[in-house]
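When a ligand or atom number is given, it counts from 1 through the structure's own listing order.
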Amino acid sequence: MDASDMGLDLEKVLLTEEQIDQRLTQMAAQIDADYAGQNLLLVGVLKGAVMVMADLSRKLHSQVTMDWMAVSSYGSGTKSSGVVRILKDLDTDIHGRDVLVVEDIVDSGLTLSWLLANLKSRGAKSVEIAALLRKPAAAKVDVPVRYVGFDIPPEFVVGFGLDFAERYRNLPFVGTLAPRAYQS
Ligand code: 5GP
């Protein structure tokens with residue numbers, strides 16, 4: 001899927017496929033350097049982080065293992081409340097492990113802040129976060145994100161794993177939707 005498949009639903013491209021690819025390459029190099037010689041576990045948060053996980057992990061030279069979690073944040077509409085339910089838990093025992101949570105976006109930070117506390121309580125040796133996008137202006141809690149792809153304005157974005165009503169996850173770029181897309 002690309003911009004031409006979206007017709008008038010696309011408002012603007014915020015980050016191109018090339019920009020995302022370049023930034024993920026830099027992030028992977030940093031992660032390789034920071035975790036050299038360690039047995040890192042990447043934890044992807046379903047479903048939004050699928051594309052980031054796929055691309056970032058393939059750029060790493062380190063030996064890593066991967067696992068997945070699915071969480072749902074209770075809240076009204078598109079706002080998360082910080083009350084989180086685990087829909088799919090890890091298959092891996094993370095006690096004593098170095099864990100890197102791979103996320104699509106940090107918005108209010110409430111979901112990740114809960115997840116961080118949850119993973120630390122399982123006795124992980126370290127828990128850090130890599131997120132492709134962060135909206136600093138929307139932060140409600142301060143979450144220490146060690147690897148950030150891009151800081152973006154507090155707008156609703158889609159693409160590269162991020163959806164609107166489950167659509168647009170397969171866009172190779174990150175963009176904003178025209179108002180008409182919300183109405184259809
Ligand atoms: P937080 O708890 O940080 O407010 O919310 C994080 C989750 O909300 C993200 O993992 C993502 O699923 C969703 N989210 C936050 N902002 C956006 C956005 O701009 N676009 C989309 N599609 N999802 C978002």
Engineer: At a non-hydrogen distance cut-off of under 4.0 Å, which region of Asp104 contacts ligand 1 (side chain, backbone, both, or neither)?
Structural biologist: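 Just the side chain.
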
Engineer: For the 3.5 Å polar cut-off, considering only N or O atoms, please tell me whether Leu162 and ligand 1 meet it.
Structural biologist: no

Engineer: Between Glu155 and Lys12, is the closest basic N to carboxylate O distance under 4.0 Å?
Structural biologist: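 The answer is yes: the pair qualifies as a salt bridge.
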
Engineer: Using 0.5 Å steps for rounding, measure from the CE atom of Met6 to the CG atom of Leu8.
Structural biologist: 10.5 Å

Engineer: Using a strict 4.0 Å threshold on nitrogen-to-oxygen distance, state whether Asp21 and Lys59 make a salt bridge.
Structural biologist: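 Salt bridge between Asp21 and Lys59, a charged N being under 4.0 Å from a carboxylate O: yes.
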
Engineer: At under 4.0 Å between heavy atoms, which part of Glu155 makes contact with ligand 1: side chain, backbone, both or neither?
Structural biologist: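 For Glu155, the contact with ligand 1 is made by the backbone alone.
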
Engineer: Once the angle between the rings of Phe164 and Tyr182 is folded into 0 to 90°, is it parallel (under 30°), tilted (30 to 60°) or perpendicular (over 60°)?
Structural biologist: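 Ring orientation of Phe164 relative to Tyr182: perpendicular.
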
Engineer: Could you establish whether Gly48 and ligand 1 come within less than 4.0 Å of each other, counting only heavy atoms on the residue side?
Structural biologist: no

Engineer: With a 4.0 Å cut-off on heavy atoms, does Phe164 reach ligand 1?
Structural biologist: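 The answer is no, since Phe164 has no heavy atom less than 4.0 Å from ligand 1.
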
Engineer: Strictly under 4.0 Å, does any heavy atom of Leu112 approach an atom of ligand 1?
Structural biologist: no

Engineer: In ligand 1, which numbered atoms sit nearer than 4.0 Å to a non-hydrogen atom of Asp107?
Structural biologist: 1 (P), 3 (O), 4 (O), 5 (O), 15 (C), 16 (N)

Engineer: First locate atom CG of Asp2, then atom CG of Asp5, and finally report the distance between them rounded to the nearest 0.5 Å.
Structural biologist: 4.5 Å

Engineer: Any atoms of ligand 1 less than 4.0 Å from a non-hydrogen atom of Asp163? List them with their elements.
Structural biologist: 21 (C), 22 (N)

Engineer: Could you work out, with salt bridge (Lys or Arg N to Asp or Glu O under 4.0 Å) as the rule, every residue matching Lys120, not counting sequence neighbours?
Structural biologist: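 Here no residue qualifies.
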
Engineer: Looking at residues at least two apart in the chain, or sitting in another chain, which of them share a salt bridge (Lys or Arg N to Asp or Glu O under 4.0 Å) with Arg122?
Structural biologist: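 Partners of Arg122 by the salt bridge (Lys or Arg N to Asp or Glu O under 4.0 Å) criterion, ordered by chain and then number, come out as Asp89.
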
Engineer: Between ligand 1 and Val157, is the shortest N or O to N or O distance under 3.5 Å?
Structural biologist: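 Right, the criterion is met.
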
